[in-house]
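A short worksheet on the structure shown next.
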Amino acid sequence: MKKSKGSSRSLVVSSRSAESGPRVAVAIMAAGKGTRLKSQLPKVLHEVGGKPLLEHVIRAAARIVPAKDVYAIIGHEADRVRAAMGHTGVNYVLQAEQRGTGHALMVAREALTGYDHVIVLSGDAPMITPETIGRLRNFHLEEEAAMTLLSADLENPTGYGRVLRKGPRSAEVKAVVEEKAASPTQKKIREINSGFYVFSVKELYENIGELSTANAHHEYYLTDMAEVLRKARGRVVGWKTAEASEVLGGNTRAELADIDEKMRLAKCRQLMAEGVTVFYPATCVIDADVEIAADTVIEPYVQLLGKTRIGTASRIRSYCVIRDCEIGDGVMVRTGCVMEQARIAQGAVVGPYSHLRPGSEIGEGAHVGNFVETKKIKLGKGSKANHLTYLGDAEIGAGVNIGAGTITCNYDGVGKYKTVIEDGAFIGSDTTLVAPVRLGKGSYVGAASCITEDVPEDALAVGRARQVVKEGWARQKRAKK
Ligand code: UD1
Ligand code: CA
């Protein structure tokens, strides 16, 4: 299976890039409740593109500085956020009471004292790329600014803070005015404040005490630092990105849906650029970490989730939901399959309507068919279980034929037991295999058998009541009526 490239390219520059280079930290504001989402779940844990908002931002940040220099400022449901982000290895700063974006940075003062500059990101704006963060940082360093903000021109700037420049072509910013405080003329400004900044740590903390809560929300606005720093003769500049969609924030469920759609489409585009066919991409949900090799075809209405990997020349037909699976080359997954943590080897055929649960390993060229459920099994090379079957806790060899309606009875209400079916065995339809049980190589089981004892190699086992025929019985019964 070919690994898709590109995702691991690193932009990390050490926090002190050269002996004399500046020490740079990233602070991510992620303490807010997200009132507008009307949710029990903290805002930054809401998912887009298959991952929490904050995780996207952390990932981008960790490509710019090492994770040890990333500080997530958390507050609302802090423990929950910390638990969800534990694997990222970033630091946390607790903002117990959320008194605004300015206050978030006040709280982070101690954590940031050892740095020269801090890149400030919003935990609810997940489309930001490392490339843009890197450019913003470079602009800030070149301009020797006290504060640099990232701006963008939006078609519809409603809801965002507007950037007031010193002059039409000036890099310098006079102030940021929030939507609620903006005059009708200011509301017409389409250049918005993205909520991403770089500050000189020294200048930020020498002046942050000047922030006030005299505004609509009675909060400390970080945006007010533009005016504060200018008054203190600091240089405040704005760098405008042409990639306006990167700054979109998810404050409402509708905005989250919009971001999710954009991310999904971008993922499909990336796969298509790498040689994957995706029909009707607007209907496909493919998570960011999914890898697919060239010449594989994804039909409409397919979900590929988690760390799923698919080889070349495979085909996933419509209405499949596939999570954390490894699918080899030339595999056909027919309509309506649900699969999780399964591995499917080259040339296998699955579906329609198969349910592959965790630990299912489908061998090369094997077939799993209609209404077959598998869990924790190995199905050997070329083996077939084509219809209406449950296979759990089983080791099945190569060239085995499992008849329609076969069931492994793997559970007695207390423990789970294993079924072993050796190479070339033939299991007749409607057989129940009461585990633990072993069916020897080349053995044969008559249809409708209940198998409770091991079957030796090349033997026939029939485990069913003998058929009784009563001549005329039905006629007599009808006559009695
Ligand atoms: C903010 C900006 C606005 C900008 C917009 C871009 C301010 C005052 N306004 O508005 O100019 O256009 O972002 O998306 O900054 N947070 C904390 N602690 C707090 C409050 C907020 O960590 O006390 C976090 C939130 O969780 C969120 C981020 O800061 O991740 C931004 O806060 P939010 O309330 O969403 O600000 P906006 O109203 O979007
Ligand atoms: Ca926001």
Side-chain angles (χ1 to χ4, degrees), residues 26-37 39 41-46 48 52-58 61 71-78 80-81 85 92-108 111 120-128 147 149-154 156-164 173 175-182 186-187 189-197 199 208 211-228 238 240-241 244-256 258-259:
V26 175
I28 304 175
M29 300 181 293
K33 181 164 186 264
T35 313
R36 288 163 277 185
L37 291 174
S39 175
L41 190 69
K43 165 152 83 171
V44 293
L45 293 189
H46 278 258
V48 291
L53 290 168
L54 180 55
E55 195 173 332
H56 289 282
V57 182
I58 288 177
Y71 297 83
I73 303 166
I74 57 177
H76 179 71
E77 295 264 16
R80 218 166 150 183
V81 176
M85 294 299 121
Y92 301 94
V93 171
L94 187 69
Q95 186 194 13
E97 234 188 307
Q98 293 91 52
R99 298 167 66 196
T101 46
H103 182 249
L105 267 292
M106 290 178 188
V107 171
V120 178
L121 307 177
S122 284
D124 65 346
M127 308 260 298
I128 193 71
M147 172 181 183
L149 65 81
L150 179 71
S151 73
D153 286 334
L154 290 193
N156 175 13
T158 311
Y160 289 89
R162 309 297 205 284
V163 178
L164 309 184
V173 170
V176 174
V177 54
E178 291 303 303
E179 170 88 20
K180 281 208 173 139
Q186 288 168 337
K187 278 187 180 151
I189 298 173
R190 286 176 47 218
E191 185 180 11
I192 62 97
N193 167 38
S194 69
F196 299 110
Y197 318 85
F199 288 95
I208 201 166
L211 290 180
S212 92
T213 56
N215 53 54
H217 290 110
H218 309 290
E219 287 185 347
Y220 295 105
Y221 287 172
L222 188 57
T223 45
D224 288 345
M225 282 310 295
E227 269 182 285
V228 166
K240 195 195 284 181
T241 174
S245 63
E246 281 188 27
V247 308
L248 295 178
N251 297 308
T252 63
R253 304 252 181 185
E255 284 171 359
L256 289 180
D258 187 38
I259 291 171

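Counting convention: from 1, in listed order, for ligands and their atoms alike.
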Can you confirm whether the side chains of [X] and [Y] place a donor and an acceptor under 3.5 Å from each other?
X: Q95; Y: H103; answer: yes
X: D224; Y: Y220; answer: no
X: K180; Y: N215; answer: no

Residues forming a salt bridge (charged side-chain N to carboxylate O under 4.0 Å, His left out) with E191, sequence neighbours excluded |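 R165.
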Which ligand 1 atoms, with their elements, are less than 4.0 angstrom from a heavy-atom of [X]?
X: R99; value: 23 (O)
X: G161; value: 3 (C), 4 (C), 11 (O), 12 (O)
X: N251; value: 35 (O), 39 (O)
X: A30; value: 22 (O), 26 (O)
X: K43; value: 35 (O)

Donor-acceptor pair, [X] side chain versus [Y] backbone, under 3.5 Å?
X: R99; Y: E97; result: no
X: S39; Y: L41; result: yes
X: R253; Y: L37; result: yes
X: H46; Y: G34; result: no

Among all protein heavy atoms, pick the one closest to [atom] and tell me residue, atom and distance.
atom: atom 20 (C) of ligand 1; result: G100 C, 3.7 Å
atom: atom 11 (O) of ligand 1; result: E178 OE2, 2.7 Å
atom: atom 30 (O) of ligand 1; result: M29 O, 2.9 Å
atom: atom 6 (C) of ligand 1; result: S194 O, 3.3 Å
atom: atom 26 (O) of ligand 1; result: G32 N, 2.8 Å
atom: atom 22 (O) of ligand 1; result: A31 N, 2.9 Å
atom: atom 15 (O) of ligand 1; result: T101 OG1, 2.8 Å
atom: atom 36 (O) of ligand 1; result: R36 NH2, 4.6 Å

Can you tell me if I192 has a non-hydrogen atom under 4.0 Å from ligand 1?
->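 No; I192 lies far enough from ligand 1 that no heavy-atom distance drops under 4.0 Å.
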Applying a strict 4.0 Å limit to heavy atoms, is G249 in contact with ligand 1?
->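 Outside the 4.0 Å threshold, so no.
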Please find the N/O/S atom of D124 nearest to the Ca ion (ligand 2) and write down its name.
->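 Minimum-distance N/O/S atom of D124 relative to the Ca ion (ligand 2) is OD2.
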Start with the C-alpha distance between E178 and V176, add both sets of side-chain angles, then the distance that settles side chain to side chain contact (heavy atoms under 4.5 Å, CB included), and finish with yes or no.
-> CA-CA 7 Å; E178 291 303 303; V176 174; 3.9 Å; yes
Any N/O pair D124/ligand 1 closer than 3.5 Å =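 Yes, at least one N or O pair falls under 3.5 Å.
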N or O pair under 3.5 Å between Q95 and ligand 1 |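 In this structure, Q95 places an N or O atom under 3.5 Å from an N or O of ligand 1.
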Measure the spacing between CZ of F196 and CE of M29 and express it to the nearest 0.5 Å.
->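 Here the interatomic distance stands at 8.5 Å.
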Salt-bridge contact D153-R190 (side-chain N to carboxylate O under 4.0 Å) |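 No, D153 and R190 are not salt-bridged.
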Is the shortest distance from atom 1 (C) of ligand 1 to a protein heavy atom below 4.0 Å?
->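 Under the 4.0 Å cut-off, atom 1 (C) of ligand 1 has no protein heavy-atom neighbours at all.
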Where is the tightest heavy-atom contact between V26 and A61, given as atom of each residue plus distance?
->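 Looking at all heavy atoms of both residues, the closest pair is CG1-CB, 3.8 Å.
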Below 3.0 Å, any N, O or S contact between N251 and the Ca ion (ligand 2)?
->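 It does; at least one qualifying atom falls short of 3.0 Å.
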